[in-house]
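A short write-up of the structure that comes next.
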Amino acid sequence: MTTAEPVLTVRGLSARAGGQQVVEHVDLDVAATGVTALLGRNGVGKTSTIKAIMGLVERTGEVTLAGKRIDGLEPHRVARLGVGYVPEDREVFSALTVTENLRIAERPGVEHRYDLVYEVFPELKERGGQAAGTLSGGQQQMVALGRVLINDNAVLLIDEPTKGLSPRLVQEVGRVLATAAEVAPVLLVEQNLKVVRDLARDVVVLTGGRSVHHGDAREFLEDDRLTQRFLGVHGGEGESA
């Protein structure tokens with residue numbers, strides 16, 4: 001693990017959704033730079049952990065952003081403090097144009113980095129007047145990532161950004177994530193281990209709604225015993241957990 005002072009710390013996080021316990025006990029740190037990957041098999045609570053940090057589900061435990069407790073705040077207040085969130089299924093506003101989707105994400109009082117968004121995603125500028133619901137899945141993911149890059153965020157929570165994308169788009173999204181990590185630290189939920197291997201410095205692994213492993217990403221992925229135990233794959237084979 002990196003020794004950098006974490007920008008985001010989570011201690012004893014638990015969460016419920018739909019009357020069910022979805023997160024039991026999660027501890028994690030997100031360093032002030034780079035990518036921390038949140039890994040685990042399907043259904044172990046990765047997305048629920050991200051939602052609990054944002055306050056989108058009922059939660060207990062401590063969540064601290066740059067030394068300030070945020071676990072008692074509503075989601076919109078968490079976002080205003082600089083937590084950028086890219087949900088698993090993109091959740092673009094289908095009836096709004098691409099440009100309107102970006103504008104609605106603007107946070108008051110900070111610089112809006114359209115130059116960066118259009119540099120990374122020139123297609124979004126070209127399609128600014130097109131309804132987001134008519135875009136391909138890959139293009140909608142560009143919109144979702146563009147919305148968090150618009151603002152100067154303290155940390156980005158990005159959930160399954162390559163899910164359902166073609167290999168070409170996976171490579172492109174990986175490039176964008178690398179750019180995003182240069183401007184803000186990232187907590188990344190990702191099943192594609194090649195993407196994790198290329199981007200992540202640290203990993204936190206969940207099993208049964210609990211954090212069970214924290215460490216260096218490369219060391220974890222090169223340890224077949226650990227990857228087989230927690231992910232069901234050998235770290236050096238295939239692309240997905």
Side-chain angles (χ1 to χ4, degrees), residues 1-15 21-55 57 59-71 78 83-86 88 153-162 174 177-178 180-181 184-236 240-241:
M1 289 284 283
T2 178
T3 57
E5 185 70 21
V7 65
L8 181 74
T9 62
V10 175
R11 295 292 181 268
L13 184 68
S14 64
Q21 191 83 21
V22 290
V23 176
E24 296 283 349
H25 186 105
V26 170
D27 296 333
L28 64 83
D29 293 333
V30 179
T33 60
V35 175
T36 299
L38 185 60
L39 304 181
R41 300 175 190 248
N42 288 334
V44 298
K46 303 185 298 295
T47 290
S48 296
T49 295
I50 295 287
K51 288 183 175 181
I53 292 171
M54 284 299 302
V57 294
R59 65 187 175 184
T60 59
E62 295 186 7
V63 181
T64 304
L65 176 68
K68 176 182 175 64
R69 287 280 296 271
I70 63 171
D71 46 86
V78 173
V83 181
Y85 172 52
V86 180
E88 179 181 9
N153 285 303
V155 65
L156 304 179
L157 312 181
I158 303 180
D159 193 0
E160 297 279 17
T162 70
L177 292 173
V186 175
L187 178 61
L188 175 68
V189 174
E190 180 55 64
Q191 291 288 91
N192 188 309
L193 294 186
K194 183 179 185 306
V195 173
V196 174
R197 191 178 296 109
D198 290 343
L199 295 176
R201 183 171 59 199
D202 304 316
V203 295
V204 177
V205 183
L206 302 188
T207 294
R210 292 176 171 269
S211 51
V212 294
H213 177 86
H214 308 75
D216 179 86
R218 186 167 296 277
E219 289 179 3
F220 174 78
L221 292 173
E222 290 178 353
D223 190 328
D224 284 345
R225 180 183 59 85
L226 288 176
T227 58
Q228 184 65 41
R229 177 183 176 187
F230 294 128
L231 306 180
V233 299
H234 293 295
S240 297

With sequence neighbours excluded, residues passing side chain to side chain donor-acceptor pair (under 3.5 Å) with [X]:
X	answer
Ser48	none
Arg11	Asp29
Glu219	none

Who pairs with Asp159 by salt bridge (charged side-chain N to carboxylate O under 4.0 Å, His left out), at least two apart in sequence or on another chain?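 Salt bridge (charged side-chain N to carboxylate O under 4.0 Å, His left out) list for Asp159, sorted by chain: empty.
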In chain order, what residues pass the salt bridge (charged side-chain N to carboxylate O under 4.0 Å, His left out) check against Asp27, with sequence neighbours excluded?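 With sequence neighbours excluded, Asp27 shows a salt bridge (charged side-chain N to carboxylate O under 4.0 Å, His left out) to no residue whatsoever.
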Hey, does [Y] have a side-chain heavy atom less than 4.5 Å from the side chain of [X]?
X	Y	answer
Leu187	Ile158	no
Leu13	Arg59	yes
His213	Val204	no
Val86	Leu157	no

Using side-chain contact (heavy atoms from CB on, under 4.5 Å) as the criterion, list what pairs up with Val44, not counting sequence neighbours.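 Result, side-chain contact (heavy atoms from CB on, under 4.5 Å) vs Val44: Arg41, Lys46, Leu206.
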Shortest non-hydrogen contact from [X] to [Y]?
X	Y	answer
Ala37	Val196	CB-CG1, 3.9 Å
Leu156	Ala180	CD1-CB, 4.0 Å
Val7	Pro185	CG1-CG, 3.6 Å
His25	Gly12	CE1-CA, 3.5 Å

Taking it one step at a time, do Asp71 and Arg69 satisfy salt bridge (charged side-chain N to carboxylate O under 4.0 Å, His left out)? CA-CA 6 Å; Asp71 46 86; Arg69 287 280 296 271; 2.5 Å; yes
Are Glu62 and Thr9 close enough that a side-chain donor and a side-chain acceptor fall under 3.5 Å?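 Note: Glu62 and Thr9 side chains miss the donor-acceptor criterion.
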